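Below is one structure, written out as structure tokens, with a few remarks after it.
Letters A, B, ... mirror the listed sequences (proteins, then strands); counts begin at 1. Keep in mind the model is a prediction, meaning the values are calculated, not measured.
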2 protein chains.
Amino acid sequence: MQEQEYEQIFSRFLAKKGLRLTLPRKQILDAVFSLHSHFDAEQLFDVLRIRNAEVSLATVYRTLPLLLESGLIQHSMRQESRDVYEHIFGHPRHLHWICRQCGSVSETSLDDIMPYLERSAREQHFELEDFSLNLMGLCWRCKNENRNQ
Amino acid sequence: MQEQEYEQIFSRFLAKKGLRLTLPRKQILDAVFSLHSHFDAEQLFDVLRIRNAEVSLATVYRTLPLLLESGLIQHSMRQESRDVYEHIFGHPRHLHWICRQCGSVSETSLDDIMPYLERSAREQHFELEDFSLNLMGLCWRCKNENRNQ
DNA sequence: GAATAAATGAGATTCATTCTCAACAAGGAC
DNA sequence: GTCCTTGTTGAGAATGAATCTCATTTATTC
Ligand SMILES: [Mn+2]
Ligand SMILES: [Mn+2]
Ligand SMILES: [Zn+2]
Ligand SMILES: [Zn+2]
């Protein structure tokens, strides 16, 4: 398999910090990019086990902040008292609509909103690094379901 | 002291659920509205102790979801692995700029953004109940500080 | 091939939050 | 009033995601 671009990015990021792209880190990285949805630490750990990667949960927890700092993943939301992430390299930023009843999450574009946030950041001389916009309520499905009762 | 409007609101909310505005709940409510900044459960508990209200921490944790559901407070952010709230009754919604270095939080208006969110919610038939928009990065202060080193 | 610094797994620990449970109050029916 | 149901509370136990400790291993530098 050819070297992925995300691997180069992570490897360079690590090198800049005097760290190395070890096998466990590479396996975690690959697992993260094998997933195409939101995940928490435990789910990522499960994926690693399925892929026969011998990585401990401690190392998963240790690697997540590195992936965050490298910009390859983002912290997306907190659900059921777990931190939820997703990879963002190669994906446009988006916002999350979270149904409080069924827990479903859907995504929409940030295009309309970004310019305002960027302008506001500039006005305050705030160096924006990351952000999250999560909207809670009832999805159309649950809304209808509630109505029919 | 005259009865506060928030008390009426909370009382009615509770009644609708078959619950009562007991003394501990009233004391928690008053403590929440005596604060004019973000707070977490422990900080609220401290305020209650200072005000000589004999309320247990368990009751604080039990009352926060009720206050949330009543719409009197909102969950503002998560900081240092604590859930942070603030009362919103009588305050305009706003977004948070959180400095990752000094931990400071500043607020700006949501006016520019709200219409887009509301339109987007309508388009998806999503019933929006709550949301949070938190922006992480470096405040101007920390940005300058880092530059001068 | 020493010396140094980073990395790891296993298991212990932390600590915000939730749960359990026994005791207590409020309110309605009679 | 008493009985009964339901809600409320404090104290302390339990939970569990996330972090930390430490002994051991691995890579890098000189
Ligand atoms: Mn997403
Ligand atoms: Mn605020
Ligand atoms: Zn739903
Ligand atoms: Zn700062």
Please tell me which of A/Leu23 and B/Ser81 maps to the more 5' nucleotide of DNA chain C, matching each residue to the nucleotide holding its nearest heavy atom.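 Looking at the nearest nucleotide for each, A/Leu23 comes out on the 5' side.
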
Taking the minimum atom-to-atom distance to the side chain of [X], which one of [options] wins?
{"X": "B/Ala58", "options": "C/dT17, D/dT9, D/dA11", "value": "D/dA11"}
{"X": "B/Tyr61", "options": "C/dT17, D/dG10, D/dT9", "value": "C/dT17"}
{"X": "A/Leu19", "options": "C/dA7, D/dT9, C/dT17", "value": "C/dA7"}
{"X": "B/Arg78", "options": "D/dA11, D/dT8, C/dA16", "value": "C/dA16"}
{"X": "A/Thr22", "options": "D/dC20, D/dG10, C/dT8", "value": "C/dT8"}
{"X": "A/Ser56", "options": "D/dG10, C/dT17, C/dG9", "value": "C/dG9"}

Whether A/His87 and A/His36 hold their rings parallel, tilted or perpendicular, with breakpoints at 30° and 60°: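 Perpendicular, since the angle between the ring planes exceeds 60°.
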
Please work out if [X] contacts a base, only the sugar-phosphate, or nothing of the nucleic acid, heavy-atom cut-off 4.0 Å.
{"X": "A/Leu57", "answer": "nothing"}
{"X": "B/Arg62", "answer": "base"}
{"X": "A/Asp40", "answer": "nothing"}

For B/Phe39, does the six-membered ring have the charged nitrogen or CZ of B/Arg82 within the cation-pi criterion, i.e. under 6.0 angstrom from the centroid and within 45° of the normal?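 Here B/Arg82 fails the 6.0 Å and 45° test against B/Phe39.
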
Grab the [atom1]-[atom2] distance between [X] and [N] for me, whole Å please.
{"X": "B/Ile28", "N": "D/dT9", "atom1": "CD1", "atom2": "C1'", "result": "10 Å"}
{"X": "A/Arg49", "N": "C/dA10", "atom1": "CZ", "atom2": "P", "result": "12 Å"}
{"X": "B/Glu42", "N": "C/dT18", "atom1": "CD", "atom2": "C1'", "result": "14 Å"}
{"X": "A/Phe45", "N": "C/dG9", "atom1": "CZ", "atom2": "C1'", "result": "10 Å"}
{"X": "A/Glu54", "N": "C/dT8", "atom1": "CD", "atom2": "P", "result": "14 Å"}
{"X": "B/Leu64", "N": "D/dT9", "atom1": "CG", "atom2": "P", "result": "13 Å"}
{"X": "A/Arg20", "N": "C/dT4", "atom1": "CZ", "atom2": "C1'", "result": "11 Å"}
{"X": "B/Arg25", "N": "D/dT8", "atom1": "CZ", "atom2": "C1'", "result": "7 Å"}

Is it true that, when you exclude A/Arg141 itself, more than 12 heavy atoms of the residues, nucleotides or ligands shown sit nearer than 6.0 Å to its CZ?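 Counting other residues, nucleotides and ligands, CZ of A/Arg141 stays at 12 neighbours or fewer.
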
When you match B/Val60 and B/Gly18 each to their closest nucleotide on DNA chain D, which lands nearer the 5' end?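 First, find each residue's nearest nucleotide; the 5'-ward one identifies B/Gly18.
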
Tell me yes or no: between the side chains of B/His91 and B/Gln74, is some donor less than 3.5 Å from an acceptor?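 No, because no side-chain N or O of B/His91 sits under 3.5 Å from a partner of the opposite role on B/Gln74.
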
Does the gap between the ring centers of A/Tyr6 and A/Phe89 come in under 6.0 Å?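 Here the rings of A/Phe89 and A/Tyr6 have centres that are no less than 6.0 Å from each other.
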
Is the phosphate of D/dG16, meaning OP1 or OP2, less than 4.0 Å from a side-chain N or O of A/Arg82?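 For D/dG16, OP1/OP2 do not have a side-chain N/O of A/Arg82 under 4.0 Å.
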
